[in-house]
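The next block holds one structure in the form of structure tokens; read it before the comments.
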Amino acid sequence: MGPTTAFPILHRVAALSSIRSTTALRHSLCKPTVKLCYASLCTLQQMRCVSTETALSQHISDLTDREKRLLTKLYDGLIRGQRAALAESITLVETQHPRKKELAQVLLQRVLTFRQEQEKRNGGNPVAFRVGLSGPPGAGKSSFIEVVGKMLTGRGHKVSVLAVDPSSCTTGGSLMGDKTRMTELSRDMNAYIRPSPTSGTLGGVTRTTNEAIVLCEGAGYDIVFVETVGVGQSEFAVADMVDMFVLLIPPAGGDELQGIKRGIIEMADLVVVTKSDGELVVPARRIQAEYTSALKLLRKKSKVWKPKVVRISSETGQGVPELWDTMLQFRDAMLNCGELRIRRQTQQKVWLWNLIQENALRHFQQHPAVRAELPELERRVTSGDISPGLAADLLLKVFSSVQ
């Protein structure tokens with residue numbers, strides 16, 4: 001299995017295109033065969049539009065009757081807002097089984113089409129507000145989600161929470177059990193909490209978090225919270241999935257500005273100082289002032305929004321309604337200037353390339369020639385005979401040379 005078989009879709013797309021370059025097309029329009037070339041130009045856009053439908057139809061034609069009934073049941077239940085259908089759909093996209101992954105893509109494409117229709121009816125605006133939440137351990141992320149989530153469901157919103165938990169090395173399951181710490185919200189019928197184990201994923205954001213967001217939106221949840229496991233690599237991944245990135249900071253954690261990476265602070269659209277009640281009010285005010293000053297020195301991420309620092313108390317509820325008003329101000333400002341649409345389009349590209357990199361790495365690792373050469377090259381690297389860079393170059397040459 002070489003690159004040709006690893007990426008068959010690239011060769012199919014290349015075969016569909018009969019026009020080799022824009023320059024050649026421009027010259028051909030000046031020749032007597034202008035009508036034929038113009039017809040090709042007109043049909044090119046149609047071919048591009050139906051390519052996705054053709055690929056989807058091919059997947060559907062390969063489905064068995066049982067698989068078709070399963071997908072229909074999941075899709076119908078999902079768009080009706082059935083929690084069981086949503087849970088089963090997320091389980092389907094999280095699977096590593098090759099056949100089930102194909103079924104998941106068919107389901108996702110149908111949900112994406114449904115969501116596009118909803119956005120058209122909504123004036124082209126997103127139907128859901130995606131919020132990423134992060135902060136150091138002990139910042140009160142679960143308590144924050146519960147108090148904000150209960151307030152939002154009380155106002156008629158449907159809230160979904162994707163809580164990414166560290167995985168057990170033994171069982172692969174979630175360790176922290178965030179759902180058990182959101183007792184009130186987990187019993188709310190207008191809320192859905194999905195703990196997802198990281199399963200060894202670097203940074204804590206699972207491969208299928210994007211897909212889970214799409215499914216939650218298809219099920220009618222208009223507020224989606226994505227909670228990460230801490231402060232680190234995961235925040236950079238979450239920032240490429242959500243509309244707004246919120247950083248939660250506890251008031252009594254020592255030298256806060258040294259404890260959190262500058263790059264993470266730069267990504268934050270809103271900084272929330274939690275636990276601002278009782279004896280912690282004074283430290284919370286101090287931390288708020290420190291971060292307000294620090295944000296003034298950082299490069300702005302948006303032309304229309306200046307990151308703010310607010311204080312709240314999940315225990316007393318103080319500052320929570322004002323916090324949500326600030327988040328709505330952010331959403332409205334980003335929508336009005338068009339930055340939110342651009343941000344989502346950029347995120348789609350990042351999602352695409354992340355999947356390409358993941359699949360390309362898997363094909364590389366499973367390549368027979370690579371697997372044959374890998375043990376010997378690993379032995380020579382560990383013994384110091386050759387450098388890791390040279391070994392990597394040799395493996396890549398083996399992968400690219402074998403057809």
List in chain and number order the residues that pass salt bridge (Lys or Arg N to Asp or Glu O under 4.0 Å) with [X], two or more places apart in sequence or in another chain; answer none if no residue qualifies.
| X | value |
| --- | --- |
| Asp277 | none |
| Arg311 | none |
| Glu117 | none |
| Glu378 | none |

Any chance CD of Gln318 has more than 12 other-residue heavy atoms, nucleotides or ligands included, within less than 6.0 Å?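 Not more than 12 within 6.0 Å, no.
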Return yes when atom CD of Glu315 has more than 12 non-hydrogen atoms of other residues, nucleotides or ligands closer than 6.0 Å, and no otherwise. no
Qualifying residues under ring-ring contact (aromatic ring centres under 6.0 Å, His included), relative to [X], sequence neighbours excluded:
| X | answer |
| --- | --- |
| Phe364 | Phe399 |
| Tyr75 | none |
| Trp305 | Phe330 |

Derivation and outcome, side chain to side chain donor-acceptor pair (under 3.5 Å), residues Ser160 and Arg83: CA-CA 10 Å; Ser160 65; Arg83 293 154 62 99; over 6 Å; no
Cationic N near anionic O, under 4.0 Å, Arg344 to Asp243: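 Yes, Arg344 and Asp243 are salt-bridged.
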May I ask you to decide whether Lys150 forms a salt bridge with Glu146, counting only side-chain N to carboxylate O separations under 4.0 Å? no
From Glu217 CD over to Leu112 CG, what is the distance, rounded to the nearest 0.5 angstrom? 9.5 Å
Give me the atom names and distance for the closest heavy-atom approach of Pro251 to Ile287.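 So the minimum-distance heavy-atom pair works out to O-CG1, 3.5 Å.
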Please identify each residue that fulfils side chain to side chain contact (heavy atoms under 4.5 Å, CB included) with [X], with sequence neighbours left out.
| X | value |
| --- | --- |
| Asn190 | Thr153, Lys158, Asp188 |
| Glu376 | Arg379, Arg380 |
| Leu70 | Lys73, Leu74, Glu88 |

Listed once per pair and sorted, the salt bridge (Lys or Arg N to Asp or Glu O under 4.0 Å) pairs that draw on residues 325-339, sequence neighbours left out: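 Pairs touching residues 325-339 that pass the test: none.
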Side-chain polar contacts of residues 385-393 - donor-acceptor pairs under 3.5 angstrom, sequence neighbours left out - could you list them?
unit_1, atom_1, unit_2, atom_2, d
Asp385, OD2, Ser383, OG, 3.1
Ser387, OG, Leu390, N, 3.2

